Engineer: 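Have a look at this one.
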Amino acid sequence: MSEYNPKSPKAEEFINHEEILASLRFAEENKNNKPLIDEILKKAEEYKGITHREAALLFECNLPDANERIFRLAKEIKDNFYGNRIVMFAPLYLSNYCVNGCTYCPYHHQNAHIPRVKLTQEQIRDEVTALIDMGHKRLAIEAGEDPVNNPIEYILESIDTIYKTKHKNGAIRRVNVNIAATTPENYKKLKDAGIGTYILFQETYNKENYENLHPTGPKHNYAYHTEAMDRAMHAGIDDVGLGVLFGLSLCRYELVGLIMHAEHLEAYCGVGPHTISVPRICPADDIDPAAFSDAVDDDTFAKIVAVIRIAVPYTGMIISTRESQKTRERVLNLGISQISGGSRTSVGGYTMPETRDDSTAQFDVSDTRTLDEVISWLIDMGHVPSFCTACYREGRTGDRFMSLLKSRQIINCCHPNALLTLKEYLTDYASPETAKKGEALIAKETEKITNEKVKIRAKQNLIDIEKGTRDFRF
């Protein structure tokens, strides 16, 4: 039996099954222990995070007053560290060829219903041009694991193509990468290619369930997959993104495992995850969510988001268009700081129309609004849609970004950058109605910049954007 050790490089020691079970027992035994819950919430109000065991108890808490405090505190933490900015991105699916047998994913090797597609570099340029013309500046590229069809050389060539594609006033300024666990040598190649965040979802931290859900293919190796972030960070990738697919195992188990993984990265690599994603299993070709007995309802999902935000206050949180507008609206105030907009989850989906019969989508999109509709909706709610990539391009990644965040300098750095990129969007891509609302929001939000020199410079940059200059950043 392995012992729990957050500083260990071994997956079964830093994601320790017995420690998770002990944390869940502790939470069950104390879910009505008001003095202990109050003590944890008081600690959480210092905005320095809480442990995985404390998070388990807050998640299990049955006390209405305490639950109200949990949701209120999650919003306070999000507002204090990230303000009202919401970072925008879009996924770009390169290939659905895959050699794995994941039972929850339509790309699994045995699925004979789905057509297999791999984009050429010319097709990638067309997809990227379409995304640029929507207004996007940040992409997350996705590809199945297939060493023959999707080797690392293909991924690297695709990244180069994306960065070199320009159209009118637009370009993609940050490429995040969501591909299978790989070697230190390949992570170094990704770093040298200029990627932003390396994203890899654990899917489930329960080893037994993990191996059953991944019966064939290289992804079956639990330890190799779980230790991937360590290899990536030791190869020089500063920013990594964690996530589980809620619904594959008991959500409380996954919540504890996810926070333990964040604690491990802090202890072993020196800095925690840049982002945490919270997808739920949803319908797709050959996949029925009803077949998974641990599906997560909306109220439980909201509490998951709130508890993660309290436990890891410095980490960005992502929600995709697999969630509905109603769900996304609810969790935006509980910790989410990044969302996708106008997304297509099929290979070539931005330029190639498809029918249900020839779908290559990895999952069904619930929020089908255009990017402009999403931007307009965010503005109506008082959020600042941000296309900013400045920190990545200025070298403020990893611990350098975290120190900026912890020092509460977001208002004088990320906030003006968000306003400048929103101004670019409004000038180049927005509908007249969205542009009008957005300009009013920018005028109001600019006055919140506390550093007078930054405010003066931001106002001049906004004027220069109207005159045709692009890509200002603090």
Side-chain angles (χ1 to χ4, degrees), residues 89-102 105-111 114-132 136 138-167 171-201 203 214 216-221 224-225 228-229 231-232 235-237 239-241 343-352 354 358-363 392:
F89 76 97
L92 175 59
Y93 283 76
L94 302 180
S95 170
N96 65 357
Y97 283 93
C98 192
V99 298
N100 289 309
C102 311
C105 177
Y107 290 1
H108 68 83
H109 185 62
Q110 296 89 343
N111 187 358
I114 194 168
R116 301 293 173 169
V117 180
K118 172 185 174 180
L119 297 181
T120 66
Q121 296 306 307
E122 183 178 353
Q123 288 172 323
I124 290 172
R125 277 189 288 274
D126 290 343
E127 289 279 293
V128 172
T129 299
L131 282 158
I132 289 171
H136 279 294
R138 178 191 300 242
L139 301 184
I141 62 172
E142 321 263 352
E145 183 171 11
D146 187 323
V148 174
N149 289 292
N150 311 329
I152 191 66
E153 291 76 17
Y154 171 69
I155 302 298
L156 296 171
E157 184 182 9
S158 300
I159 293 168
D160 185 59
T161 296
I162 293 167
Y163 278 134
K164 286 180 176 177
T165 301
K166 317 290 181 186
H167 194 242
I172 299 303
R173 298 170 182 169
R174 179 176 178 128
V175 178
N176 298 334
V177 175
N178 185 354
I179 61 169
T182 188
T183 64
E185 294 76 17
N186 285 343
Y187 285 127
K188 176 68 165 57
K189 291 176 182 177
L190 289 170
K191 168 69 174 179
D192 292 343
I195 72 165
T197 304
Y198 172 67
I199 302 162
L200 182 67
F201 295 169
E203 318 300 3
H214 306 93
T216 60
K219 196 169 179 177
H220 178 74
N221 188 329
Y224 188 77
H225 187 89
M229 293 307 188
R231 295 194 299 277
I237 294 176
D239 293 342
V240 298
S343 301
R344 300 290 182 272
T345 63
S346 54
V347 181
Y350 297 103
T351 57
M352 305 176 198
E354 67 175 26
D358 68 352
S359 175
T360 62
Q362 189 182 34
F363 58 84
Y392 153 71

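Computed from a predicted structure; not experimentally measured.
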Engineer: Distance from E127 atom CD to R125 atom CZ, nearest 0.5 Å?
Structural biologist: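 The CZ atom of R125 is 12.5 Å from CD of E127, to the nearest 0.5 Å.
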Engineer: Nearest heavy-atom pair of Q121 and Y154: which atoms, and what distance?
Structural biologist: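 Shortest heavy-atom separation between Q121 and Y154 comes out as NE2-CE1, 3.7 Å.
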Engineer: Could you please spell out the steps behind the side chain to side chain contact (heavy atoms under 4.5 Å, CB included) verdict for Y224 and R231?
Structural biologist: CA-CA 10 Å; Y224 188 77; R231 295 194 299 277; 3.4 Å; yes
Engineer: Looking at every non-hydrogen atom in both residues, tell me the closest pair between M352 and L119 and how far apart they are.
Structural biologist: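 Distance-wise, the nearest heavy atoms are CE-CD2, 3.9 Å.
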Engineer: Start with the C-alpha distance between I179 and L200, add both sets of side-chain angles, then the distance that settles side chain to side chain contact (heavy atoms under 4.5 Å, CB included), and finish with yes or no.
Structural biologist: CA-CA 7 Å; I179 61 169; L200 182 67; over 6 Å; no
Engineer: Could you walk me through whether D146 and H109 pass side chain to side chain contact (heavy atoms under 4.5 Å, CB included), step by step?
Structural biologist: CA-CA 10 Å; D146 187 323; H109 185 62; over 6 Å; no
Engineer: Quick one: do F89 and L139 satisfy side chain to side chain contact (heavy atoms under 4.5 Å, CB included)? Show the steps, please.
Structural biologist: CA-CA 6 Å; F89 76 97; L139 301 184; over 6 Å; no
Engineer: Taking C-beta and beyond as the side chain, do L156 and L190 meet within less than 4.5 Å on heavy atoms?
Structural biologist: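 They are in contact (side-chain heavy atoms under 4.5 Å apart), so the answer is yes.
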Engineer: Hey, which of K219, H214, H220, E145 is the one that makes side chain to side chain donor-acceptor pair (under 3.5 Å) with N100?
Structural biologist: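 Among K219, H214, H220, E145, the one meeting side chain to side chain donor-acceptor pair (under 3.5 Å) with N100 is E145.
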Engineer: Can you see which heavy atom on I114 is nearest to which on P106, and at what distance?
Structural biologist: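 What the structure gives for the nearest pair is CG2-O, 3.8 Å.
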Engineer: Applying the side-chain contact (heavy atoms from CB on, under 4.5 Å) test to P147, which of T182, I152, V99 qualifies?
Structural biologist: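 That would be V99.
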Engineer: Checking the side chain of R116 only, and the main-chain atoms of Y107 only, is there a donor and an acceptor separated by less than 3.5 Å?
Structural biologist: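 Flag set: sc R116 to bb Y107 pair under 3.5 Å.
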Engineer: Do NZ/NE/NH1/NH2 and the carboxylate oxygens of K191 and D239 come within less than 4.0 Å?
Structural biologist: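 D239 and K191: not salt-bridged.
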Engineer: Looking at K164, I want to see if its NZ is surrounded by more than 12 non-hydrogen atoms of other residues, nucleotides or ligands under 6.0 Å.
Structural biologist: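 Check fails, neighbour count at 12 or below.
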Engineer: Within the distance-only criterion (no hydrogens, no angle test), does the side chain of H167 pair as donor or acceptor with the backbone N or O of V128 below 3.5 angstrom?
Structural biologist: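 No: the side chain of H167 does not pair with the backbone of V128.
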Engineer: CD/E142 to CG/N176 distance, rounded to the nearest 0.5 angstrom?
Structural biologist: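 Rounded to the nearest 0.5 Å, the CD-CG separation comes out at 10.0 Å.
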Engineer: Spell out, as yes or no, whether a donor-acceptor pair under 3.5 Å connects the side chain of N149 to the backbone of Y97.
Structural biologist: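 Side chain of N149 to backbone of Y97, a donor-acceptor pair under 3.5 Å: no, none is there.
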Engineer: Identify the two heavy atoms, one from K118 and one from S95, that lie closest to each other, and give their separation to 0.1 Å.
Structural biologist: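 The answer is CB-OG, 3.9 Å.
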Engineer: Roughly how far, to the nearest 0.5 Å, is NZ of K189 from CD1 of I195?
Structural biologist: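 It comes to 14.0 Å.
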Engineer: On a heavy-atom basis, which atom in N178 and which in I199 lie closest, and how many Å separate them?
Structural biologist: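 Nearest pair, atom of N178 first, then I199: OD1-O, 3.2 Å.
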Engineer: When you measure from the side chain of Y163 to the backbone N and O of A171, does any donor-acceptor pair fall under 3.5 Å?
Structural biologist: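 No, Y163 side chain to A171 backbone: no donor-acceptor pair under 3.5 Å.
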Engineer: Sequence neighbours left out, what passes ring pair (Phe, Tyr, Trp, His ring centres under 6.0 Å) with Y198? Give chain and number order.
Structural biologist: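 With neighbours one apart ignored, the set is Y187.
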Engineer: Do you see a donor-acceptor pair shorter than 3.5 Å between the side chains of D126 and T351?
Structural biologist: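 Distance-only check fails for D126 and T351.
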Engineer: To the nearest 0.5 Å, how far apart are CG in L92 and CG in L131?
Structural biologist: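 Result: 6.0 Å between the selected atoms.
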Engineer: At their closest point, which heavy atom of N96 faces which heavy atom of P115, and how far apart are they?
Structural biologist: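 Where N96 meets P115 most closely, the heavy atoms are ND2-O, 2.9 Å.
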Engineer: For the CG atom of L94 and the CD1 atom of I141, what is their distance to the nearest 0.5 Å?
Structural biologist: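 Result: 5.0 Å between the selected atoms.
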Engineer: At what distance, to the nearest 0.5 angstrom, does NZ of K188 lie from OG1 of T183?
Structural biologist: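 Here the rounded value is 12.0 Å.
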